[in-house]
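Comments concern the structure below.
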Amino acid sequence: MQLQFTPDEEAFRQELRTYFTTEIPEEIRQRCEAGALNYPDDIVTTTRILNKGGYAVPHWPTDWGGQDWTPIQHHIYREEMALNFVPDLLPFNAGMVGPVIAQFGSQEQKEKFLPATANLDIWWCQGFSEPEAGSDLASLKTRAVRDGDHYVINGQKTWTTLGQFADWIFCLARTDPDVKKQAGISFFLFPMDTPGVELRPIQLIDGGYEVNEVFFQDVRVPAENLVGEENIGWTIAKFLLGNERSGIARVGWTKTRVAKAKQLAAATRTPHGTMLDDPIFAARLAELENQLLALEVTQLRVVAGSADGKPNPASSLLKLQGSQLQQEATELLADLAGADSLPVSRIDSAEEGDVADILSPEWAQLTVPAYLNYRKVTIYGGSSEVQRQIIDKAVLGL
């Protein structure tokens, strides 16, 4: 495997870096670095700027805004987005329902939804998980019953991320209860303001309201909003989740957190110098960096071997290790910032030379909430336990 990028690939990297740093407003990138984005405005603004330059949905088919890039170019794109603090694009649009509609949707659905989805004229949310169907998604109980030209949907979804901003939802519902549970599921699209849809916020451990419960009571969905054929929703869901896991390692993002940890450690004094001189901390940092490098090499191997565009079961390896390293990086930052990271702290009056000199009060006070929030990354997109089962069966053949 060739680990060195070619001159053309390095030129491509510089092209992206120039666009990201000159076209995306500096204040948005600063808020992204601090973990304090303004929702939904910063995401909408960023997406439309990227879409104008052809960078919003490069992995889509070229007929619908995609780019004819190599897998390595897609890897460079994701990494430069993170390293330059360009906000993540809304995953439900760019990484989930967009590719699904492009692959399984009718021509009418493609024309209606794909341009608006790429430009974030429609904000989508995901209706998959249920109170008794999380990691075991195939056990979902939400029902869709055909009634003339409509389906009538009843049931409940939970952990619906950013649903409070959503215009539309893509939803899995059971259309045949008398077959194997994976075989009787269908994939629907409908507006969140459809009569019978009720959204209730859920407060998370970090104090925020990122996720929601969604209830459906006799929600009438036009049959034309069924994606693909009836009862192939599980096939569509596997396609969607495979795409989601491929980019979920977030190596570039974790690199930025490790760099911030080094900066913070160099400014944190101890009786024997700084935290960088502490052997226990130094060993911890080195181990994290080595694991991150190994993950990056694995990711390059996976993307280099995915030229056919098909989801690779090895993406579960990336998801498993990538989510764990994200958690370790946020834990490292929280430990370094200490009491200054508490949301109730007032560090704007800290003495000269303190940790606060290299962290804005807003950034430091978001460290512990970020640490708490990132407990989720080993759960969404398929929990770590599920990823281990996939690796056992599909990768190792056990």
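Numbers for residues simply follow the sequence, beginning at 1. As the structure is a prediction and not an experimental result, all values here were calculated from the model.
Looking at Lys110 and Asp63, no side-chain N of the basic residue comes within less than 4.0 Å of a carboxylate O on the acidic one, giving no salt bridge. Ion pairing between Glu287 and Arg284 fails under the 4.0 Å rule for side-chain N and carboxylate O. With respect to the salt-bridge test (charged N to carboxylate O, under 4.0 angstrom), the residues Lys262 and Glu289 qualify. Comment: Glu130 does not engage Lys141 in a salt bridge, judged by the lack of any side-chain N to carboxylate O separation of less than 4.0 angstrom. Taking 4.0 Å as the cut-off between side-chain N and carboxylate O, Asp88 and Arg78 do not count as a salt-bridged pair. Between Glu210 and Lys376 there is a salt bridge, with a side-chain nitrogen of the basic residue lying less than 4.0 Å from a carboxylate oxygen of the acidic one.
For Phe239 and Phe104, the ring centers sit closer than 6.0 Å to each other. Between Phe190 and Trp168, the distance from one ring center to the other does not fall under 6.0 angstrom. Under the 6.0 Å cut-off for aromatic ring centres, Tyr55 and Tyr19 qualify, their centroids lying closer than that. Between Tyr374 and Trp253, the gap from one ring centroid to the other is short of 6.0 Å.
A cation-pi arrangement is absent between Arg29 and Phe20 under the rule of less than 6.0 angstrom and at most 45 degrees off the ring axis. Cation-pi contact between Arg13 and Phe5: present, with separation from the ring centre below 6.0 Å and deviation from the ring axis of at most 45°.
No option in Thr161, Leu240, Val97, Thr160 other than Thr161 meets the side-chain contact (heavy atoms from CB on, under 4.5 Å) test with Phe92. Under the side chain to side chain donor-acceptor pair (under 3.5 Å) rule, Arg220 has a single partner from Asp147, Asp149, Thr194, which is Asp147.
In the hydrophobic clustering of ILVMFWY residues, with side-chain heavy atoms under 4.5 Å counting as a link, Phe12 and Ile72 come out together.
Interatomic distance, SG of Cys125 versus NZ of Lys157, reported as 11.0 Å (0.5 Å rounding). To the nearest 0.5 Å, the span separating NZ on Lys181 from CH2 on Trp234 amounts to 8.0 Å.
Proximity of Met96 to Gln126: side-chain heavy atoms (C-beta onward) are separated by under 4.5 Å at one or more points.
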